[in-house]
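Single-structure report; data block below.
Worth knowing before you read on, the calculation uses all heavy atoms, side chains too, and leaves out hydrogens, waters and symmetry mates. Along the sequence shown, the residues carry numbers beginning at 1. Everything quoted here is computed from the prediction, not taken from an experiment.
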Amino acid sequence: MKKWKELNDLTKAKIIYSGELALFAILFAILGSLFLAGVILPSDWKKWLVLVGGSLGSVWCFADFIWILNSPKRRAKNCLLDKILLLPSAAASLGFNIFFWIKLIPFNSDYDSLFAYFLGAILLYFALIYVFEAIYHWKHPIPGLLEESEKEEPSESKEEGQ
């Protein structure tokens, strides 16, 4: 606990942020592997959740990418690389979701294995992205994190001078 207090705020934030990304990577890797291995089977509610959430998430991913490109204020606080890395999964997810919507997958168990493979592959892709981001953002913190750190530094130096 003493070592934690000796760290500066930026290092603490980097540890927390990269650790959070690493935990998500582990979670996605485990879930993706379980779906690919057939340990977790796609039930109807999981199919509906993935179809609705995946479709909305894919559209949001493209909208967020366009927003970050068009907004200098948003670009200054976010990492463009993070948005770019999600675009392939958003495109694949949107394509598969359109196929699944057309076939009404929740009502057709013939596609359960395809659905499980797709979901497992997407989750493993997310795991790879989050492993990369955990390492990358340790070396290059997101701009919003740096901005918060810079705001706190002047206030700390004023307190030390008093």
So, taking the atom named [atom1] in [X] and the one named [atom2] in [Y], what distance separates them when rounded to the nearest 0.5 Å?
X      : Y      : atom1 : atom2 : value
Leu31  : Leu123 : CG    : CG    : 6.0 Å
Leu21  : Ile26  : CG    : CD1   : 11.5 Å
Ile98  : Leu51  : CD1   : CG    : 11.5 Å
Leu80  : Ile84  : CG    : CD1   : 4.0 Å
Tyr136 : Asp82  : OH    : CG    : 8.0 Å
Arg74  : Leu69  : CZ    : CG    : 11.0 Å

Worksheet item: Can you check whether Trp67's main-chain N or O pairs, donor with acceptor, with Ser71's side chain at less than 3.5 Å?
Response: no

Discussion item. Is it the case that the side chain of Asp64 and the backbone of Trp60 share a donor-acceptor pair, with hydrogens and angles ignored and the cut-off at 3.5 Å?
Written reply: no

Item to complete: Let me know which of Leu49, Asp112, Val50, Leu114 forms a side chain to side chain contact (heavy atoms under 4.5 Å, CB included) with Pro42.
Response: Asp112

I'd like to know if [Y] and [X] are part of one continuous hydrophobic network [Ile/Leu/Val/Met/Phe/Trp/Tyr, side-chain heavy atoms within less than 4.5 Å].
X      : Y      : value
Val39  : Phe115 : yes
Leu119 : Phe99  : yes
Leu124 : Phe132 : no
Phe126 : Leu36  : no
Phe118 : Trp45  : no

Atom of [X], atom of [Y] and distance for their closest heavy-atom approach:
X      : Y      : value
Tyr130 : Ala25  : CB-CB, 3.7 Å
Cys79  : Ile142 : CB-CG2, 4.2 Å
Gly54  : Ser93  : O-OG, 3.8 Å
Leu41  : Lys46  : O-NZ, 3.2 Å

Worksheet item: Are Phe35 and Ile30 close enough that some pair of their side-chain heavy atoms sits under 4.5 Å apart?
Response: no

Fill in: Pair Lys103 + Asp110: basic N to acidic O under 4.0 Å
no

Discussion item. For Tyr125, give me all partners under side chain to side chain contact (heavy atoms under 4.5 Å, CB included), at least two apart in sequence or on another chain.
Written reply: Pro88, Ser89, Ile129

Discussion item. Which residues pass the salt bridge (Lys or Arg N to Asp or Glu O under 4.0 Å) test with Arg75, not counting sequence neighbours?
Written reply: none

Discussion item. Checking Cys61 against Leu87 for the side chain to side chain contact (heavy atoms under 4.5 Å, CB included) test, could you report, in this order, the C-alpha distance in whole Å, the side-chain angles of both residues, the deciding distance, and whether it holds?
Written reply: CA-CA 7 Å; Cys61 188; Leu87 290 178; 4.2 Å; yes

Worksheet item: Near Phe65 CZ, under 6.0 Å, is it more than 12 heavy atoms from other residues, nucleotides or ligands?
Response: yes

Item to complete: Could you check Trp138 against Thr11 for side chain to side chain contact (heavy atoms under 4.5 Å, CB included), going step by step and ending with a plain yes or no?
Response: CA-CA 9 Å; Trp138 176 259; Thr11 305; 4.3 Å; yes

Worksheet entry | Output field: ring centroids Phe100/Tyr111 closer than 6.0 Å | no

